[in-house]
Amino acid sequence: MENIKLKGELSNSMYDVVNEMLHYMSDKQKYKSNDMIKLITAISQGKYRYITKDDEYRDQVELLSDYFKKEHNHLLINFILMKNMLANKDYEIINQIIKNTDTRENLTYLLEKEDYDELLTLMESNKKVFLAFAKTYERYSKGMC
């Protein structure tokens with residue numbers, strides 16, 4: 001049932017503010033390689049102070065994150081990363097970062113099956129999977145908004 005609810009959230013434009021904020025921060029701070037990953041990691045740890053207050057991004061992202069956690073028991077930033085990974089399945093990055101064959105095969109299976117709840121659970125429990133999703137986001141989010 002949770003997978004169906006999460007699938008419905010994929011088309012919810014309410015969460016686009018997170019992408020907008022990440023792109024705004026990247027432009028404003030002139031992010032270099034891995035800077036976006038550092039911000040994404042901070043947000044996943046609940047450290048919203050790194051988000052600018054310009055355009056009320058910090059408040060919006062914090063409120064949406066709280067709502068998403070309450071509704072789906074997952075982190076909103078991870079949902080955004082998952083959504084990007086589903087659109088840009090970058091197996092090169094996955095293979096570079098995730099050396100454990102079982103984890104890599106499980107991730108590949110879940111991506112192909114589009115099991116959103118299990119993908120989020122795996123990402124939240126495995127730092128290497130999280131990093132693969134964050135690096136994929138950094139690579140493919142340039143110029144989007």
Side-chain angles (χ1 to χ4, degrees), residues 1-52 57-58 60-145:
M1 184 63 159
E2 183 61 26
N3 213 45
I4 294 169
K5 287 171 53 180
L6 287 167
K7 184 176 184 174
E9 296 288 15
L10 289 172
S11 61
N12 191 338
S13 62
M14 174 173 65
Y15 303 120
D16 291 347
V17 72
V18 178
N19 287 318
E20 290 172 21
M21 175 274 302
L22 289 169
H23 296 291
Y24 180 83
M25 292 292 297
S26 181
D27 289 342
K28 179 181 179 173
Q29 302 294 333
K30 298 179 181 20
Y31 280 175
K32 300 197 181 350
S33 182
N34 294 324
D35 287 344
M36 175 126 9
I37 294 169
K38 291 174 188 174
L39 177 60
I40 288 169
T41 301
I43 294 169
S44 74
Q45 296 170 351
K47 298 176 183 173
Y48 300 106
R49 70 182 180 270
Y50 297 107
I51 301 172
T52 183
Y57 281 128
R58 186 182 304 167
Q60 290 178 62
V61 170
E62 192 168 0
L63 285 171
L64 284 172
S65 295
D66 290 346
Y67 168 79
F68 197 86
K69 181 71 173 172
K70 180 181 168 202
E71 288 297 310
H72 302 288
N73 201 29
H74 291 292
L75 301 175
L76 176 59
I77 192 67
N78 290 347
F79 179 75
I80 300 300
L81 298 177
M82 180 192 71
K83 188 174 174 180
N84 177 73
M85 180 62 91
L86 290 169
N88 304 294
K89 295 175 184 157
D90 194 323
Y91 295 107
E92 179 184 326
I93 290 176
I94 291 170
N95 291 333
Q96 285 173 354
I97 294 175
I98 303 171
K99 301 300 181 193
N100 182 296
T101 305
D102 291 339
T103 302
R104 195 170 53 238
E105 287 176 359
N106 186 34
L107 175 58
T108 301
Y109 171 76
L110 294 173
L111 284 168
E112 296 304 320
K113 188 178 171 194
E114 295 188 359
D115 189 334
Y116 312 117
D117 189 45
E118 286 298 318
L119 278 168
L120 289 168
T121 300
L122 180 61
M123 192 184 335
E124 291 167 357
S125 66
N126 188 309
K127 291 178 183 178
K128 294 285 187 182
V129 173
F130 174 83
L131 181 59
F133 278 64
K135 279 199 122 3
T136 300
Y137 185 89
E138 182 180 56
R139 176 181 282 178
Y140 290 95
S141 67
K142 306 244 188 290
M144 292 173 49
C145 206

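If you're wondering where the values come from, they're calculated on a predicted model, not measured in any experiment. Positions are given from 1 along the sequence. What's counted below: heavy atoms across the whole structure, side chains too, no hydrogens, waters or symmetry copies.
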Could you work out, with salt bridge (charged side-chain N to carboxylate O under 4.0 Å, His left out) as the rule, every residue matching [X], not counting sequence neighbours?
| X | value |
| --- | --- |
| Lys30 | none |
| Lys128 | none |
| Glu62 | none |
| Asp117 | none |

*State whether the side chain of Glu124 and the backbone N or O of His74 hold a donor-acceptor pair below 3.5 Å, judged by distance alone.*
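Pair absent, no side-chain N/O of Glu124 close to backbone of His74.
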_Donor-acceptor pair, distance only, cut-off 3.5 Å: does the side chain of Arg104 make one with the backbone of Ile94?_
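Not confirmed, Arg104 side chain does not pair with Ile94 backbone.
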*Please list, chain by chain and in numerical order, all residues satisfying ring-ring contact (aromatic ring centres under 6.0 Å, His included) with Tyr57, sequence neighbours excluded.*
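Expected list: Tyr24.
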*Quick one: list whatever passes ring-ring contact (aromatic ring centres under 6.0 Å, His included) with Phe68, sequence neighbours left out.*
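Residues passing ring-ring contact (aromatic ring centres under 6.0 Å, His included) with Phe68: Tyr15, His72, Phe79.
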Which distance, rounded to the nearest 0.5 Å, do you find between the [atom1] of [X] and the [atom2] of [Y]?
| X | Y | atom1 | atom2 | answer |
| --- | --- | --- | --- | --- |
| Gln29 | Tyr50 | CD | OH | 12.5 Å |
| Leu122 | Met82 | CG | CE | 12.0 Å |
| Tyr91 | Leu111 | OH | CG | 5.0 Å |
| Lys69 | Ile77 | NZ | CD1 | 14.0 Å |
| Glu9 | Lys7 | CD | NZ | 13.5 Å |
| Ser33 | Lys135 | OG | NZ | 5.0 Å |

Of the non-hydrogen atoms in [X] and [Y], which two are nearest, and what is the gap between them?
| X | Y | result |
| --- | --- | --- |
| Met85 | Ala132 | CE-O, 3.8 Å |
| Gly8 | Ser11 | O-OG, 3.3 Å |
| Asn100 | Asp102 | OD1-N, 2.9 Å |
| Arg49 | Arg58 | O-NH2, 3.2 Å |
| Ser26 | Met36 | CB-CE, 3.8 Å |

Compare all side-chain heavy atoms of [X] with those of [Y] and state whether any distance is below 4.5 angstrom.
| X | Y | value |
| --- | --- | --- |
| Glu138 | Asp35 | no |
| Asn78 | Phe133 | no |
| Leu76 | Tyr67 | no |
| Asn126 | Leu107 | no |

Looking at [X], I'd like to know if its [atom1] atom is crowded, meaning that more than 12 non-hydrogen atoms belonging to other residues, nucleotides or ligands lie closer than 6.0 Å.
| X | atom1 | answer |
| --- | --- | --- |
| Tyr109 | OH | no |
| Lys89 | NZ | yes |
| Lys5 | NZ | yes |

_Could you walk me through whether Tyr137 and Asn19 satisfy the side chain to side chain contact (heavy atoms under 4.5 Å, CB included) test, starting with their C-alpha distance in whole Å, then the side-chain angles of each, then the deciding distance to 0.1 Å, before giving a yes or no?_
CA-CA 10 Å; Tyr137 185 89; Asn19 287 318; 2.5 Å; yes
_side chain to side chain contact (heavy atoms under 4.5 Å, CB included) assessment of Gln60 paired with Glu20_ = CA-CA 11 Å; Gln60 290 178 62; Glu20 290 172 21; over 6 Å; no
*Determine, step by step, whether Leu81 and Val129 satisfy the side chain to side chain contact (heavy atoms under 4.5 Å, CB included) criterion, reporting the C-alpha distance in whole Å, the side-chain angles of both residues, the deciding distance to 0.1 Å, and the verdict.*
CA-CA 11 Å; Leu81 298 177; Val129 173; over 6 Å; no
*Under the side chain to side chain contact (heavy atoms under 4.5 Å, CB included) rule, what do Leu120 and Met123 come out as? Steps first, then yes or no, please.*
CA-CA 5 Å; Leu120 289 168; Met123 192 184 335; 4.1 Å; yes
